[in-house]
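Data first, discussion second: the structure below is written as structure tokens.
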Amino acid sequence: MQSAPGSESSPNSTSATGITPWLGSQLQKIIDNIYEKYKDVDDGTVATYIPELGKANPKDFGICLATVEGQVFTAGDWENEFTIQSMCKPFAFQLALEQHGTEKTLKHVGVEPSGEAFNSIELDQRSGRPFNPMVNAGAIAVASLIKQSPVDAGVEAFVARMGKAAGRELRIDQSVLASETATGNRNRAIAYLLLNAGIIDEEVQQSLHQYFAQCSMLVNCKDLAMMAATMANIGNQPVTGEPVFDFQNLKYVMAVMFSCGLYDYAGNWAFEVGLPAKSGVSGGIFGVVNRQLGIAVYSPRLDAQGNSVRGILACKELASHFGLHAFDFSNVGSSFMQWLL
Ligand code: GLN
């Protein structure tokens, strides 16, 4: 349990240029402790419905925090790559908002939590649209909006933009893409439901390819934390300084992540962790502490809702330790490290 703010003194403090070495070493210790505490938790199972995902090592557990000043703190298997899966959804939504604006985008997808599983074959009865861009139906509608002709151009544009946010070139895992394409009949059913409802155009295969390819992009914890830190840093990549995302739309994306990012666990997540976040069936979770941090955890054992078991435990602990919850009295917007002072 941490002490009250300001009750202990420290040799250093945060500054406009980032976290000082002393604070950095404290932060590193805390991440190392969280890694040690949860690394042997073996509840949950690795997803196998996409056969290639079943090859993941259930022992893998990586953590990364990236500050908006570009400092990075890591633990465990943070370098191991995994496919981004549903964690591509907020970024794709951002691109749709940038390209088409709010009004047009929201004709194709809503912003209401569904309370249903990520792969539910269902539209919002009242609006006739997918509930939100974080469930598969909404993400396929978004993929249809950002696809290009030829279809590979849209995929390349997505991967290139994600690489700018991560700060390194990213690529598609072709084996996972082939595996998703071969077994994705449920997503095909969703896409045809969307076609029938007039939400997507007739290029159903292209929309599905855009979606499957986005999900099959490889990242590690550092990439994801940097992508999250780019969101936290009003769209500017913390290390390169490059403007990557239009900041006007990020608030919409983070709002939907906050209310819908963890599927049918989203309410609990908002209550306990209180951060805009997104999970994926590969076992990753990333969260954004606005104006402060990007957080990413990877561990492929999933709970019944399809969220990483160790990922949720680690995020809960990080959030409570540093008072990161959006509505925590200690979250004053730019100085979470005050807890260590
Ligand atoms: N590609 C996966 C699917 O469509 C993504 C799901 C997820 O990560 N929850 O089933």
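One-based numbering, in listed order, for ligands and for the atoms of each.
Using modelled atom types, one finds a donor on one side chain and an acceptor on the other under 3.5 Å when comparing Lys89 with Asn136. A donor-acceptor pair shorter than 3.5 Å can be found between the side chains of Asn307 and Ser279.
With sequence neighbours excluded, the residues satisfying ring-ring contact (aromatic ring centres under 6.0 Å, His included) with Phe82 are Tyr298.
Annotation: ring pair (Phe, Tyr, Trp, His ring centres under 6.0 Å) contacts involving residues 104-123, sequence neighbours excluded, comprise Phe118-Tyr263.
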Could you pull out every donor-acceptor pair under 3.5 Å between side chains of residues 43-53 and any protein atom, sequence neighbours left out?
from: Glu52; atom 1: OE2; to: Lys55; atom 2: NZ; distance (Å): 2.8

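Checked against the 6.0 Å centroid threshold, Tyr38 and Phe61 do not count as a close aromatic pair.
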For ligand 1, find each of its N or O atoms that sits under 3.5 Å from a protein N or O atom, and tabulate the pairs with distances to one decimal place.
from: ligand 1; atom 1: 1 (N); to: Gln85; atom 2: OE1; distance (Å): 2.6
from: ligand 1; atom 1: 1 (N); to: Glu180; atom 2: OE1; distance (Å): 2.8
from: ligand 1; atom 1: 1 (N); to: Glu180; atom 2: OE2; distance (Å): 3.1
from: ligand 1; atom 1: 4 (O); to: Asn136; atom 2: ND2; distance (Å): 3.1
from: ligand 1; atom 1: 4 (O); to: Asn187; atom 2: ND2; distance (Å): 2.9
from: ligand 1; atom 1: 4 (O); to: Tyr211; atom 2: OH; distance (Å): 2.7
from: ligand 1; atom 1: 8 (O); to: Ser86; atom 2: N; distance (Å): 3.0
from: ligand 1; atom 1: 8 (O); to: Ser86; atom 2: OG; distance (Å): 2.8
from: ligand 1; atom 1: 8 (O); to: Val281; atom 2: N; distance (Å): 2.8
from: ligand 1; atom 1: 9 (N); to: Ser86; atom 2: OG; distance (Å): 2.9
from: ligand 1; atom 1: 9 (N); to: Tyr263; atom 2: OH; distance (Å): 2.6
from: ligand 1; atom 1: 10 (O); to: Tyr49; atom 2: OH; distance (Å): 2.5
from: ligand 1; atom 1: 10 (O); to: Asn136; atom 2: ND2; distance (Å): 3.4

